[in-house]
4 protein chains.
Amino acid sequence: MIIRIDDYSDVPIYQQIRNEIINGISSGKLKPGEQLPTVRALALEIGINSMTVSKAYQLLKQEGYILTDRKKGAVIREMIKQDGKINSANKNELKRIISESKLAGVSEKDFIEEVKLLYKEG
Amino acid sequence: MIIRIDDYSDVPIYQQIRNEIINGISSGKLKPGEQLPTVRALALEIGINSMTVSKAYQLLKQEGYILTDRKKGAVIREMIKQDGKINSANKNELKRIISESKLAGVSEKDFIEEVKLLYKEG
Amino acid sequence: MIIRIDDYSDVPIYQQIRNEIINGISSGKLKPGEQLPTVRALALEIGINSMTVSKAYQLLKQEGYILTDRKKGAVIREMIKQDGKINSANKNELKRIISESKLAGVSEKDFIEEVKLLYKEG
Amino acid sequence: MIIRIDDYSDVPIYQQIRNEIINGISSGKLKPGEQLPTVRALALEIGINSMTVSKAYQLLKQEGYILTDRKKGAVIREMIKQDGKINSANKNELKRIISESKLAGVSEKDFIEEVKLLYKEG
DNA sequence: GTGGTCTAGACCACG
DNA sequence: GTGGTCTAGACCACA
């Protein structure tokens with residue numbers, strides 16, 4: 001699993017790491033129980049400060065995606081909390097994206113096509 | 001058209017204003033040719049500095065959603081540029097939202113229902 | 001000679017009027033000695049304040065393009081001052097335009113083609 | 001790379017900064033990947049408020065000329081978007097400049113010479 | 001009246 | 001250290 005960081009993105013690096021890992025889990029590239037690289041290893045690999053990786057892991061832990069085990073380090077959680085709902089922050093974002101897309105002339109049909117594609121991919 | 005600001009959001013105020021206005025246009029609450037409140041009036045109404053409103057208007061202008069007229073102030077553009085595509089930043093966001101939603105146990109069907117709802121609403 | 005005004009342009013209206021008239025002279029649509037509409041008539045035609053038209057005429061007079069005659073009103077000057085040089089403000093602008101065009105990948109050849117075209121047109 | 005500001009110009013300071021930097025890139029004085037001075041440093045150097053420099057940098061960023069890196073500050077973009085066309089605002093300006101130059105007695109040949117010179121210089 | 005620009009100073013998140 | 005955001009108040013050109 002390779003994590004790609006865009007130094008020039010407006011999204012903070014620790015969030016980018018978080019997003020990539022969530023995407024990895026969602027797409028099946030990272031499996032429940034699987035170990036994540038250590039903070040230090042990942043920091044070295046990406047070439048960033050380990051504080052930043054640590055921040056990403058803490059966020060993922062707090063959100064319930066991973067567990068930190070004294071022996072194994074960080075591992076993907078077996079049972080991720082599922083309530084079957086789109087969380088409210090994401091719903092707001094989705095609303096914004098749809099508003100903008102509508103104004104850009106994207107049809108509902110095309111938008112749904114894109115959603116289906118992304119659901120398959122990851 | 002009421003613009004609501006969340007003081008505790010980490011989204012900058014000028015972005016929130018921008019988003020609300022885009023949402024208003026998309027949902028039909030703001031019609032092409034319609035006048036927006038003046039910079040000063042809106043600033044007073046929301047209780048923020050007028051520079052912040054001005055920043056929002058300039059962003060909207062630059063993005064092609066509104067025009068500024070020396071007499072009438074800011075007005076919604078009649079023809080908003082449409083390329084029929086979801087812009088790439090939004091596509092990335094959508095990808096992230098779908099990954100997170102999948103992990104939260106949201107089915108593709110439910111997600112699409114939500115999209116359809118938002119497409120109708122706004 | 002029709003003068004078109006863009007209410008939404010960043011260029012002040014009085015400047016737009018000035019530019020249109022200069023363009024008219026340059027392209028031959030307005031001939032030396034020809035009378036311009038009165039301030040009031042033009043203001044009415046365009047649908048703007050006559051102060052604005054007056055400002056445009058004053059500018060044109062000051063720049064040596066027109067003369068104001070008590071009887072005939074404003075007329076295009078027979079002999080417009082010619083020093084055969086690009087004035088320094090325009091040279092600066094041209095420099096900026098060329099810098100931007102170069103970065104946009106416009107070849108020198110294409111740029112010169114455009115110049116030739118504009119020289120023919122107006 | 002020295003940035004010169006004309007306090008008496010009617011061109012806003014942030015635009016002057018933008019223009020100087022674009023000119024620097026176009027002429028090769030600023031190379032892709034090169035770091036720009038920090039917002040604060042440049043503000044201090046020119047003797048203006050840092051908000052003004054920030055505004056210039058944000059404009060350049062939005063126009064695709066630079067990127068901002070959290071560590072390195074602002075850097076010149078490696079790949080600047082090229083569509084090979086003179087943008088329409090610049091085309092209008094060019095038209096105006098040519099009209100005025102024609103009336104000032106500048107021959108097409110001389111104008112093109114100037115263009116060639118500017119193309120070489122910067 | 002309008003928007004646009006600028007200042008001086010503050011606070012913040014990020015890394 | 002960096003850029004990003006925001007404020008309170010000022011001045012300006014335009015119409």
Side-chain angles (χ1 to χ4, degrees), chain A residues 5 7-17 43 46-56, chain B residues 5 7 9-17 35-43 46-61 66-75, chain C residues 5 7-17 43 46-56, chain D residues 5 7 9-17 35-43 46-61 66-75:
Chain A
I5 297 300
D7 281 337
Y8 302 116
S9 167
D10 289 332
V11 181
I13 294 175
Y14 77 92
Q15 288 245 24
Q16 291 187 49
I17 298 174
I46 310 181
I48 58 171
N49 197 304
S50 46
M51 280 290 294
T52 308
V53 177
S54 174
K55 208 165 174 178
Chain B
I5 297 302
D7 285 331
S9 165
D10 48 356
V11 180
I13 297 175
Y14 76 90
Q15 285 266 13
Q16 291 187 48
I17 297 174
Q35 251 175 272
L36 290 175
T38 67
V39 167
R40 288 168 179 84
L42 187 52
I46 308 181
I48 59 170
N49 191 284
S50 51
M51 277 281 297
T52 307
V53 177
S54 177
K55 208 168 171 177
Y57 280 18
Q58 279 179 267
L59 185 56
L60 286 161
K61 182 181 174 184
I66 68 172
L67 292 168
T68 52
D69 179 304
R70 261 172 273 272
K71 288 177 284 188
K72 292 193 279 183
V75 298
Chain C
I5 297 300
D7 281 337
Y8 302 117
S9 165
D10 289 332
V11 181
I13 294 176
Y14 77 92
Q15 288 246 23
Q16 290 186 49
I17 297 173
I46 311 183
I48 58 172
N49 195 304
S50 46
M51 279 291 293
T52 308
V53 177
S54 173
K55 209 166 172 177
Chain D
I5 298 302
D7 286 331
S9 166
D10 48 356
V11 180
I13 296 175
Y14 76 91
Q15 286 265 14
Q16 291 187 47
I17 297 174
Q35 250 174 274
L36 290 174
T38 68
V39 168
R40 288 169 178 84
L42 186 52
I46 308 182
I48 58 169
N49 192 283
S50 50
M51 278 280 298
T52 307
V53 178
S54 178
K55 207 167 172 179
Y57 279 18
Q58 279 180 265
L59 185 56
L60 286 162
K61 181 181 173 182
I66 68 172
L67 292 167
T68 51
D69 179 304
R70 261 172 273 272
K71 288 177 286 187
K72 291 192 280 182
V75 297

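The sequence lines fix the lettering, A, B, ..., with proteins before strands; numbering per chain opens at 1.
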Under 4.0 Å, counting only non-hydrogen atoms across every strand here, what does I48(A) touch: a base, just sugar-phosphate, or nothing?
nothing

Please give the nucleotide sitting opposite dA13(E) as a Watson-Crick or G-U wobble pair, both distances under 3.5 Å, or none.
dT2(F)

Nearest-nucleotide comparison on DNA chain E, the residue closer to the 5′ end among P12(A) and G47(D):
G47(D)

Between dA15(F) atom C1' and D69(B) atom CG, what is the distance in whole Å?
10 Å

Upstream residue (5' side of DNA chain F) when V11(C) and A74(D) are each assigned their closest nucleotide
A74(D)

M51(D) side, atom CE; M51(B) side, atom CE - distance, nearest 0.5 Å
4.0 Å

What nucleic acid atoms does I13(B) come within less than 4.0 Å of, heavy atoms only: base, sugar-phosphate, or nothing?
sugar-phosphate

Which residue lies toward the 5' end of DNA chain E, S54(B) or T52(A), if each is placed at its nearest nucleotide?
S54(B)

State, yes or no, whether a side-chain contact exists between I46(D) and I13(D) at a heavy-atom distance under 4.5 Å.
no

CD on Q16(B) to CG on D7(B), rounded to 0.5 Å:
8.0 Å

Could you tell me from which nucleotide to which nucleotide of DNA chain E, 5' to 3', there is an atom under 4.0 Å from chain D heavy atoms?
dT5(E) to dG15(E)

Kindly give the heavy-atom pair with the smallest separation between K72(D) and D69(D), and that separation in Å.
N-OD1, 3.1 Å

Base, sugar-phosphate alone, or nothing: which one does N49(D) contact when heavy atoms must sit under 4.0 Å apart?
base

Please work out if K55(B) contacts a base, only the sugar-phosphate, or nothing of the nucleic acid, heavy-atom cut-off 4.0 Å.
sugar-phosphate

Quick one: closest heavy-atom pair of T52(D) and Y14(D), and the distance?
O-CB, 3.6 Å

How long is the span from the CD atom in Q35(D) to the NZ atom in K71(D), to the nearest 0.5 Å?
11.5 Å

Please compare Q15(B) and A41(D) by the position of their nearest nucleotide in DNA chain F and report the one closer to 5'.
A41(D)

